[in-house]
Chemist: 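The following block contains the structure, expressed as structure tokens.
Letters A, B, ... mirror the listed sequences (proteins, then strands); counts begin at 1. Only heavy atoms go into these numbers, but all of them, side chains included; no hydrogens, no water, no symmetry mates. As the structure is a computational prediction, the values presented were derived from the model and not from experiment.
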2 protein chains.
Amino acid sequence: MPRPDKGTRQKLVDTAADLIWISSYGSVSVDDICRAANVKKGSFYHYFPSKADLAIAAMEEHFAEDLEPYFQQVFAANVPFAQQIENFADSILEEQRTAQEKYGRVCGCPLAALGSEMIGEEGQIISAKVQEMFGKCQDYLKAAISSAIAANAIEAKDADEKVRELHDFITGLMMMGRINNTLDGLEHDLKPGMQRILGLAVKQQILKKSL
Amino acid sequence: MPRPDKGTRQKLVDTAADLIWISSYGSVSVDDICRAANVKKGSFYHYFPSKADLAIAAMEEHFAEDLEPYFQQVFAANVPFAQQIENFADSILEEQRTAQEKYGRVCGCPLAALGSEMIGEEGQIISAKVQEMFGKCQDYLKAAISSAIAANAIEAKDADEKVRELHDFITGLMMMGRINNTLDGLEHDLKPGMQRILGLAVKQQILKKSL
DNA sequence: AGAGTAATGTACCGATTAGTCAACTATGAT
DNA sequence: ATCATAGTTGACTAATCGGTACATTACTCT
């Protein structure tokens, strides 16, 4: 589904996001990005003052254009909490499957991969942005959990605690999926694990055969 | 407590492990390692044919010298399973605290950080070694869980499943600790989470004040 | 003591890195 | 039409990368 003529800037953002996701920030050079996007280096630095700025732009725009609308849909107020969580788990798995098909490997969470890599002085700015993005994601989770608590839909008391538990759990599954290049953990444990953390009924789940 | 005259080779291994742990493989150059270890480049390549070989040696030796004896102690056959798990959780937290004091930040799991970064063609060998190392760690976990199952100490049936769940869970906590530079998740959720996964009694835990 | 080898030190290599620069072209408003 | 501006291009830099070559030093065995 390639949109026709995405514009140079957008091509750079998308290409960089892809390349970094399937390998790492450090191992993808500006030349790599330019080559893959079919853009000359001069144009790169016309749009972005540095490689780090492109990465940050990629994060912000991916969040604003993909993640934010997605969260608003999944956690829409009219959907019951248990269903929100089910949908959330399903869509994570689906995204990972799609990426696996597209790139030939399990990719995990791009923010976590980047955040882990960019530890240390040189990566401060990017690392801070990763934390900020994670924070924004957690805000959506927190809103959903808070209203579930208010509605007595779950027993939990501290929404922040549950958000952290949930996020840490999900990140673990995605990270190990990335490292071991397998969806096993996500397929088997994601949904029931999330339900268990939140004190929701854990349904016996039927796994779709992987294609 | 620096041992006197560690030997050039060992200094390289230890220094590289440290530097890579607190930043990343890609952002640490051979020159960085040599400078920090006070070793000349010629000596580096006398002991290791490449940077990647040093990283692999560091993983293997860290496992053989630190991790393996540690696992044998924690999962010693005469220790009750519930206690094994408690000790395991405690020691993970302690290791993270120690590293935090030493390096001024939460470092998380070095294998996971490296494994996530080394995805992609260029990192195949290192990535495979990370998987191998994780596999060896899981073997110890599996042995402990299997005998707990055999002794009816826990309800679980499939040891492999529990090992995966446990490993994914722990990795998630450590990874988010690294990314967000906080021990909150590990301090609050590690032990009860492990106990819950394994169907063990979840004790109310008293948290040590962080120093 | 002397020979062989292990270890060290220094100077170097070509390739690659992020980033610069000035010339060029397309565009759009007046 | 013209003029400023946005966008593009390819050649360029200085620094750094992983790795090599080779001479020198230290150690060990006889």
Chemist: Could you tell me whether the side chains of Ser29(B) and Asp32(B) share a donor-acceptor contact shorter than 3.5 Å?
Modeler: yes
Chemist: Let me have a per-nucleotide readout for nucleotides 22-28 of chain D, 5' to 3', with B, S or -, counting only protein heavy atoms under 4.0 Å.
Modeler: -------
Chemist: When the side chains of residues 106-128 of chain B are checked against the rest of the protein, which donor-acceptor pairs come out under 3.5 Å, sequence neighbours left out?
Modeler:
{"unit_1": "Ser116(B)", "atom_1": "OG", "unit_2": "Arg178(A)", "atom_2": "NE", "d": "3.0"}
{"unit_1": "Glu117(B)", "atom_1": "OE1", "unit_2": "Tyr25(B)", "atom_2": "N", "d": "2.9"}
{"unit_1": "Glu117(B)", "atom_1": "OE2", "unit_2": "Gly26(B)", "atom_2": "N", "d": "2.7"}

Chemist: From CD1 of Ile126(A) over to P of dA18(C), roughly how many Å is that when rounded to an integer?
Modeler: 12 Å
Chemist: In terms of side-chain geometry, is the basic nitrogen of Arg164(A) or Asp184(B) positioned less than 4.0 Å from the acidic oxygen of its partner?
Modeler: no
Chemist: Whole-Å distance between dT17(C) P and Tyr25(A) OH?
Modeler: 13 Å
Chemist: Starting from P on dT25(C), measure out to NZ on Lys40(A) and report it in whole angstrom.
Modeler: 16 Å
Chemist: How many whole angstroms separate atom CG of Leu12(B) from atom P of dG9(C)?
Modeler: 11 Å
Chemist: Any ion pair linking Glu68(B) and Lys136(B) (charged N to carboxylate O, less than 4.0 Å)?
Modeler: no
Chemist: Which side-chain N or O atoms in residues 71-78 of chain B pair as donor and acceptor under 3.5 Å with protein atoms at least two apart or in another chain?
Modeler:
{"unit_1": "Gln72(B)", "atom_1": "NE2", "unit_2": "Tyr140(B)", "atom_2": "OH", "d": "3.4"}

Chemist: Could you tell me whether the phosphate oxygens of dT8(C), OP1 or OP2, come under 4.0 Å of any side-chain nitrogen or oxygen in Thr8(B)?
Modeler: yes
Chemist: Could you tell me whether Glu187(B) and Arg97(B) have a side-chain N and a carboxylate O separated by less than 4.0 Å?
Modeler: yes
Chemist: What parts of residues 43-50 of chain B reach DNA chain C, counting only heavy atoms under 4.0 Å away?
Modeler: Ser43(B), His46(B), Tyr47(B)
Chemist: Expressed as a whole number of angstroms, how long is the span from Lys11(B):NZ to dT8(C):C1'?
Modeler: 12 Å
Chemist: What donor-acceptor contacts under 3.5 angstrom involve side-chain atoms of residues 43-50 of chain A, with partners at least two apart or in another chain?
Modeler:
{"unit_1": "Ser50(A)", "atom_1": "OG", "unit_2": "Ala52(A)", "atom_2": "N", "d": "3.4"}
{"unit_1": "Ser50(A)", "atom_1": "OG", "unit_2": "Asp53(A)", "atom_2": "N", "d": "3.2"}
{"unit_1": "Ser50(A)", "atom_1": "OG", "unit_2": "Asp53(A)", "atom_2": "OD2", "d": "2.6"}

Chemist: CG of Asp31(B) versus P of dC12(C): gap in Å, rounded?
Modeler: 16 Å
Chemist: Donor-acceptor pair, distance only, cut-off 3.5 Å: does the side chain of Ser147(B) make one with the backbone of Ala144(B)?
Modeler: yes
Chemist: Tell me: CZ of Arg35(B) to P of dG9(C), nearest whole Å?
Modeler: 16 Å
Chemist: For the pair Phe88(A) and Tyr70(A), name the ring-plane relationship: parallel under 30°, tilted 30 to 60°, perpendicular over 60°.
Modeler: tilted
Chemist: Are OP1 or OP2 of dT16(C) and a side-chain N or O of Ser29(A) less than 4.0 angstrom apart?
Modeler: no
Chemist: Quick one: CG on Leu173(A) to NE2 on His167(B), what's the gap to the nearest 0.5 Å?
Modeler: 11.5 Å
Chemist: Classify the side chain of Lys41(B) versus the base of dG18(D) as yes if they form a donor-acceptor pair under 3.5 Å and no if they do not.
Modeler: yes
Chemist: Can you pull out the residues from residues 52-61 of chain B that lie within a 4.0 Å heavy-atom distance of DNA chain C?
Modeler: none
Chemist: Between Glu165(A) and Lys162(A), does at least one N-O distance fall below 4.0 Å, as a salt bridge requires?
Modeler: yes
Chemist: Base, sugar-phosphate, or nothing for Lys51(B), non-hydrogen atoms under 4.0 angstrom?
Modeler: sugar-phosphate
